[in-house]
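Values in this document were obtained by computation on a predicted structure and should not be read as measured data.
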Amino acid sequence: MTLDRGWIVTYRNEKYLNTNLETLSSQVGSTFTKGDVVTLNYNRPIEQINEPFPYLMFKTQHCAYEVFLDGELISSADTNARTDNSFVGIGYNLVPLGSDYVGKKLSIKLYVTENGTRSDLVSPKLGNFDELVRYLAHSVMFPFLTSIFLIVFGIVFFSISLLFYLRTSGVFPQLISSIICILLGLWMITAFDVSIFFMSKTISTTVEYTAMYLIVPSMYLIVQQLHKRLDSFPILLLGASTFAFSIFFLLLHALGFVHLIHFAHAYYIFALICIIVILCYDFFDFRSKTKNYSIKLTMFGLTVLCASLVIYPIIDISSKVVDYRQLHISKILIPFGSLFFVFTQLLNYFIFMTRSYAQRKEYASLAQITYVDNLTGLPNRASSDKKLVELSNSDKDYSIISLDLNGLKNVNDNSGHPAGDRLLKSFADALSTTFKDVGECYRIGGDEFIVTTDLTDNNKLDELLKILTSKLADLDDTDPEINHSVSFGYANNTETEEKNSHTVLMLADKRMYDYKRKHYAAISDKA
């Protein structure tokens with residue numbers, strides 16, 4: 001049951017008969033003043049509504065209240081604000097009527113706590129508690145679901161972006177975008193009276209204005225981050241000024257010197273400047289024909305969001321005429337603009353992930369070129385240099401085997417470079433399979449290879465080199481055009497005084513060249 005007509009309003013010693021509360025301003029003026037007392041008397045006895053738990057639901061805006069049935073006080077709230085200047089918010093109140101309400105006269109007394117309080121009121125309703133809550137929830141369903149989604153999405157998106165921020169660059173705008181989503185969700189869940197279900201109207205209104213005041217500085221920050229190539233001082237100055245304004249008056253509100261609502265209109269000026277700045281940057285991006293689609297997409301989403309939010313200050317400034325919380329257009333456009341902003345952030349995230357994946361592939365390709373020999377697939381000299389530094393800094397014992405292919409130049413000269421490449425590949429395969437589980441193999445030059453291993457037992461090393469020699473003999477049988485032969489020498493770090501890998505490698509090289517001289521001497525003797 002909606003109690004829309006038939007109210008007798010007493011205001012400043014004047015009585016207004018048969019009044020519709022939603023058009024009260026046409027009789028008493030557009031706003032109330034702090035200290036005003038407004039008495040609302042329903043001129044008919046309350047009828048039976050056939051509900052087991054009857055409640056009265058009515059909305060107050062910066063007003064303490066008392067509710068009476070036949071002159072008997074049944075509920076009151078925030079009456080201490082009349083004397084201690086405490087802040088009273090905006091929101092709905094649910095008052096139980098009890099079981100003997102039928103036939104009694106309803107009276108509501110409002111004590112105005114803020115100047116400029118809107119005089120038009122929302123018509124009270126009678127009904128079962130669950131039905132009233134469902135009615136209220138249904139009337140704000142779209143903003144309610146959108147706000148919950150924005151908060152959850154913002155938290156998840158912030159967590160994901162933070163992980164990327166710690167590991168890569170270019171993610172800071174996404175962190176700010178996720179904060180904007182959280183602020184939008186908090187603002188929407190309070191601005192559209194959804195928060196009645198889990199917080200008091202005073203806390204709700206405080207959260208509403210706090211979130212609203214922080215949205216614009218966040219927008220400035222994201223625009224600055226997207227356009228670092230430009231002169232950032234003007235936008236940083238605007239952002240810092242807006243942020244300082246917000247923090248300063250939030251602090252004054254917390255200390256009880258002044259209330260947040262008194263600076264809303266000044267804040268709208270900052271918001272208007274922010275919208276103009278965003279449009280200017282949009283125009284610049286369009287004129288510059290930038291190919292950075294991530295910037296374009298984020299700015300487009302931000303612009304649509306601003307276009308939807310601009311309805312809020314317009315309606316709030318014109319609050320003498322309308323209550324924006326009752327307008328369906330605001331319940332549709334503002335959530336739509338917020339969801340569109342989220343959509344652009346998801347697309348931007350997809351672009352970022354695609355670009356990041358491409359960069360990782362490019363990096364892997366460059367790393368392959370930098371640290372891996374293209375022909376044999378073995379780590380190259382750059383990799384071996386890193387490994388030798390690690391060995392020098394290690395306390396563990398190790399051995400280095402130096403290997404040099406015999407006759408690679410003759411193969412290249414007599415059979416051609418394809419045959420020489422075949423020799424290098426087949427030798428690299430034999431080498432890597434022989435030392436697969438005990439060492440790391442590197443190609444450090446044209447026909448030069450080394451193996452690093454933790455093995456320091458000469459017998460085990462000799463055994464592995466015999467296995468390698470046997471594999472090369474088998475390769476001679478399968479590819480008789482090429483002579484598969486290698487000279488080698490090894491040394492371990494316990495054999496040198498300086499105990500560094502370079503000295504160990506030089507000793508292994510000396511032994512390898514001694515072996516090579518003996519190999520060629522034996523060939524000469526046979527000839």
Any pair counted as salt bridge (Lys or Arg N to Asp or Glu O under 4.0 Å), so long as it reaches [range], sequence neighbours left out:
range            : result
residues 121-149 : Glu131-Arg134
residues 27-48   : Arg12-Asp36
residues 86-106  : Asp100-Lys104

Less than 4.5 Å apart, side chain to side chain, heavy atoms only: is that true for [X] and [Y]?
X      : Y      : value
Leu260 : Glu208 : no
Thr33  : Val112 : no
Leu221 : Ile179 : no
Phe58  : Tyr65  : yes
Gln48  : Tyr101 : yes

Practice task
Could you tell me whether a side-chain N or O of Thr298 sits under 3.5 Å from a main-chain N or O of Ile295, the two making a donor and an acceptor?
Solution key: no
Problem - Whether Ser246 side chain and Leu214 backbone form a donor-acceptor pair below 3.5 Å - result: no
Handout entry: Stepwise side-chain contact (heavy atoms from CB on, under 4.5 Å) check, Asn85 with His259
Key = CA-CA 10 Å; Asn85 197 39; His259 296 156; 4.1 Å; yes
Problem - Of all pairs that satisfy ring-ring contact (aromatic ring centres under 6.0 Å, His included), the ones with a partner from residues 113-138, not counting sequence neighbours - result: Tyr55-Phe129
Practice task
Please list all pairs passing the ring-ring contact (aromatic ring centres under 6.0 Å, His included) test where one or both residues lie in residues 22-43, with sequence neighbours left out.
Solution key: Trp7-Tyr42, Tyr11-Phe32
Exercise for the section: Sequence neighbours left out, what passes ring-ring contact (aromatic ring centres under 6.0 Å, His included) with Phe142? Give chain and number order. Expected result: none
Problem - Any donor-acceptor N or O pair under 3.5 Å, side chains Ser86, Asp84 - result: yes
Practice task
Decide whether Ser123 and Glu22 meet the rule of one side-chain donor and one side-chain acceptor closer than 3.5 Å.
Solution key: yes
Please state whether the rings of [X] and [Y] are parallel, tilted or perpendicular, taking 30° and 60° as the class boundaries.
X      : Y      : answer
Tyr213 : Tyr267 : tilted
Phe245 : Phe270 : tilted
Phe149 : Phe153 : parallel

Exercise for the section: Walk me through it: do Val372 and Asn380 pass the test side-chain contact (heavy atoms from CB on, under 4.5 Å)? Expected result: CA-CA 5 Å; Val372 177; Asn380 61 12; 5.7 Å; no
Exercise for the section: Kindly indicate, with the supporting measurements, whether the criterion side-chain contact (heavy atoms from CB on, under 4.5 Å) is fulfilled by Leu302 and Asp282. Expected result: CA-CA 10 Å; Leu302 204 59; Asp282 280 334; over 6 Å; no
Handout entry: CE on Met299 to CG on Leu226, rounded to 0.5 Å
Key = 6.5 Å
Completion exercise
CG of Leu175 to CD1 of Ile222, rounded to nearest 0.5 Å, is 10.0 Å
Handout entry: Partner of Leu150 by side-chain contact (heavy atoms from CB on, under 4.5 Å), out of Leu145, Leu184, Ile182, Leu183
Key = Leu184
Handout entry: Greater than 12 external heavy atoms within 6.0 Å of Tyr16's OH
Key = yes
Problem - Within 6.0 angstrom of Phe68 CZ, more than 12 heavy atoms from elsewhere - result: yes
Practice task
Begin from the C-alpha positions of Val9 and Leu21 and carry the test side-chain contact (heavy atoms from CB on, under 4.5 Å) through to its verdict.
Solution key: CA-CA 9 Å; Val9 178; Leu21 297 183; 3.9 Å; yes
